[in-house]
Amino acid sequence: MTTSAATLVERTRDLLDDYGANQTTLTAAISTTAATSCTVASVTDISAGDYISVNFETMRVTNVATLTLTIERGQRGSTAATHADAAKVISQPLYPPHRILNMLNAAVGKLTKQVTDSSTLTVVDDQFAYAQPSTIDRIWRVEIENSDEGDEFFIIRNWEMQDGGSYFRIFGNYTTGRNIRVVGTSKFSALTSSGNLDTSFPDDNPNAINYLMYETAGQLLLQRQATVSNRDSFVGLTDAFGANYPDQSIRTARQYLAEAERYRQLAINQEPILQKPVAPTQNPNRIYLQRL
């Protein structure tokens with residue numbers, strides 16, 4: 001099961017209760033990244049100087065003529081892209097989709113996945129240092145194939161990292177040709193605007209998905225509050241209570257981040273792939289000779 005970036009962005013937007021000033025659709029595709037105009041089904045709540053979001057691109061409207069908008073492309077750190085006919089157009093969103101995506105990737109980056117590599121390395125006679133497999137960012141455990149049972153491995157307790165983590169050294173004599181199994185952790189692949197979560201991400205676990213959304217929403221609220229910290233009202237809140245009490249966004253952000261941490265711990269406890277591998281040494285990445 002894989003969840004798309006677009007789905008996660010929309011679910012996070014719903015959590016933030018941010019639907020922009022209004023929403024409409026394109027009535028013709030934007031077929032090039034250099035196009036300077038587009039047509040929409042409605043211009044309600046769209047004026048010159050406003051920003052609109054189409055998919056993951058933010059544009060600045062410089063003129064409105066009937067249902068045609070003159071636009072400046074790739075605004076506020078977004079990238080100009082092509083867009084299909086009937087694509088959703090959000091006017092004046094507080095949180096443009098590309099910003100939500102960036103923060104979702106920051107949340108994904110706080111998790112690691114357990115990885116096992118048993119096909120890259122084999123024992124070479126009189127060789128003791130081996131390159132760290134590219135699939136693993138940090139090694140937690142090294143194992144050698146059993147000479148009697150080819151599908152079984154036993155843990156090597158005497159090994160150490162070398163050269164700042166590029167190689168690891170094993171101590172002992174083992175039969176040439178036996179597979180070396182390396183167990184460690186690595187990062188999940190980052191989300192792209194047209195892509196999905198890493199195929200190994202446990203997105204069928206609601207706690208893992210909720211962690212991503214609540215962490216993203218909390219961080220976005222904190223970022224937005226930083227821009228209004230010296231004001232006596234929170235620009236963007238339409239209700240009278242929220243406008244007069246800007247600190248509410250900080251409180252909400254903290255609540256969201258606390259919930260995110262709770263969801264993260266639940267997901268880690270429930271999903272083996274999110275757990276750190278058991279290591280036979282106290283600190284397997286410390287560069288020194290570890291003997292137990």
Side-chain angles (χ1 to χ4, degrees), residues 1-108 188-199 201 203-204 206 209-210 212-214 216-217 219-221 223-224 235-238:
M1 180 179 179
T2 54
T3 302
S4 70
T7 296
L8 283 172
V9 166
E10 286 308 305
R11 292 182 63 180
T12 303
R13 183 182 300 287
D14 185 61
L15 185 61
L16 290 163
D17 199 27
D18 173 28
Y19 306 102
N22 211 333
Q23 295 188 15
T24 184
T25 58
L26 294 177
T27 55
I30 301 177
S31 56
T32 72
T33 58
T36 56
S37 66
C38 65
T39 57
V40 293
S42 170
V43 293
T44 302
D45 296 317
I46 300 178
S47 304
D50 288 351
Y51 289 90
I52 59 173
S53 289
V54 184
N55 295 321
F56 288 86
E57 181 184 358
T58 296
M59 311 171 191
R60 183 174 181 271
V61 178
T62 58
N63 186 61
V64 179
T66 313
L67 297 177
T68 300
L69 309 179
T70 304
I71 49 178
E72 294 176 345
R73 309 295 302 279
Q75 298 293 297
R76 294 187 168 179
S78 67
T79 301
T82 58
H83 306 284
D85 182 17
K88 183 190 297 183
V89 179
I90 305 175
S91 63
Q92 294 291 85
L94 294 178
Y95 304 98
H98 68 278
R99 284 190 60 200
I100 299 178
L101 179 64
N102 289 341
M103 201 57 70
L104 280 167
N105 274 326
V108 170
F188 289 99
S189 300
L191 283 161
T192 62
S193 58
S194 59
N196 303 322
L197 280 169
D198 190 309
T199 54
F201 190 92
D203 60 346
D204 56 344
I209 291 296
N210 282 336
L212 294 180
M213 294 191 304
Y214 276 81
T216 299
Q219 294 294 347
L220 286 170
L221 283 169
Q223 282 189 356
R224 185 164 185 81
V235 177
L237 288 182
T238 56

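- Side-chain contact between T25 and V40 is absent, with no heavy atoms from C-beta onward closer than 4.5 Å.
- Closest of all the heavy-atom pairs between T27 and A41 is CG2-N, 3.5 Å.
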Evaluation steps, side chain to side chain contact (heavy atoms under 4.5 Å, CB included), between V61 and S47:
CA-CA 7 Å; V61 178; S47 304; over 6 Å; no

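- The side-chain heavy atoms of R99 and L220, taken from C-beta on, include a pair separated by under 4.5 Å.
- When all heavy atoms of L15 and A217 are compared, the pair lying nearest together is CD2-CB, 3.7 Å.
- Within the 4.5 Å cutoff, side-chain heavy atoms of T62 are placed close to those of E72.
- Interatomic distance, R11 CZ to T216 OG1, rounded to the nearest 0.5 Å: 12.0 Å.
- M59 is not listed as a side-chain neighbour of Y51, based on a closest heavy-atom distance of 4.5 Å or more.
- A donor atom on one side chain and an acceptor atom on the other are not found under 3.5 Å apart for T66 and T68.
- The heavy-atom pair separating A5 from L101 by the smallest distance is CB-CD1, 3.9 Å.
- Judged by the 6.0 Å and 45° rule, R13 forms no cation-pi pair with Y19.
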Test log, rule side chain to side chain contact (heavy atoms under 4.5 Å, CB included), inputs E57 and T79:
CA-CA 6 Å; E57 181 184 358; T79 301; over 6 Å; no

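- In this structure, CG on N55 lies 5.5 Å from NE2 on H83, to the nearest 0.5 angstrom.
- Although no hydrogens or angles enter the test, the distance criterion places a donor-acceptor pair under 3.5 Å between the side chain of D203 and the main chain of T3.
- Looking at L69 and N63, their side chains never come closer than 4.5 Å, going by heavy atoms from C-beta outward.
- Partner of L197 under the side-chain contact (heavy atoms from CB on, under 4.5 Å) criterion, chosen from I209, T2, L104: I209.
- Formation of a donor-acceptor pair under 3.5 Å by the N105 side chain with backbone atoms of A190 is not found in this model.
- Annotation for I90 and P93: closest pair O-CD, 3.7 Å, computed over non-hydrogen atoms.
- Here the straight-line distance linking atom CG of L8 with atom CG of N196 works out to 9.0 Å at 0.5 Å rounding.
- Residues S189 and V108 approach most closely at O-CG1, 4.2 Å, considering heavy atoms.
- For the atom pair I100 CD1 and S53 OG, the distance stands at 8.5 Å (nearest 0.5 Å).
- The shortest distance between side-chain heavy atoms of F56 and V9 falls below 4.5 Å.
- For the atom pair T58 OG1 and I71 CD1, the distance stands at 11.5 Å (nearest 0.5 Å).
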Using the side chain to side chain contact (heavy atoms under 4.5 Å, CB included) rule, take M103 and Q223 through it: C-alpha gap first, then chi angles, then the decisive distance, then the call.
CA-CA 11 Å; M103 201 57 70; Q223 282 189 356; 3.0 Å; yes

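- Considering only heavy atoms from C-beta on, D50 stays 4.5 Å or farther from S91 through its side chain.
- With R73 contributing its side chain and A35 its backbone, the two residues share a donor-acceptor pair below 3.5 Å.
- Separating the CG atom in D14 from the CE atom in M213 is a distance of 8.5 Å, to the nearest 0.5 Å.
- For the pair L212/F201, a side-chain contact is recorded, criterion being any heavy-atom separation below 4.5 Å from C-beta on.
- Nearest heavy atom pair, residue R60 against residue G49, reads NH2-CA, 4.0 Å.
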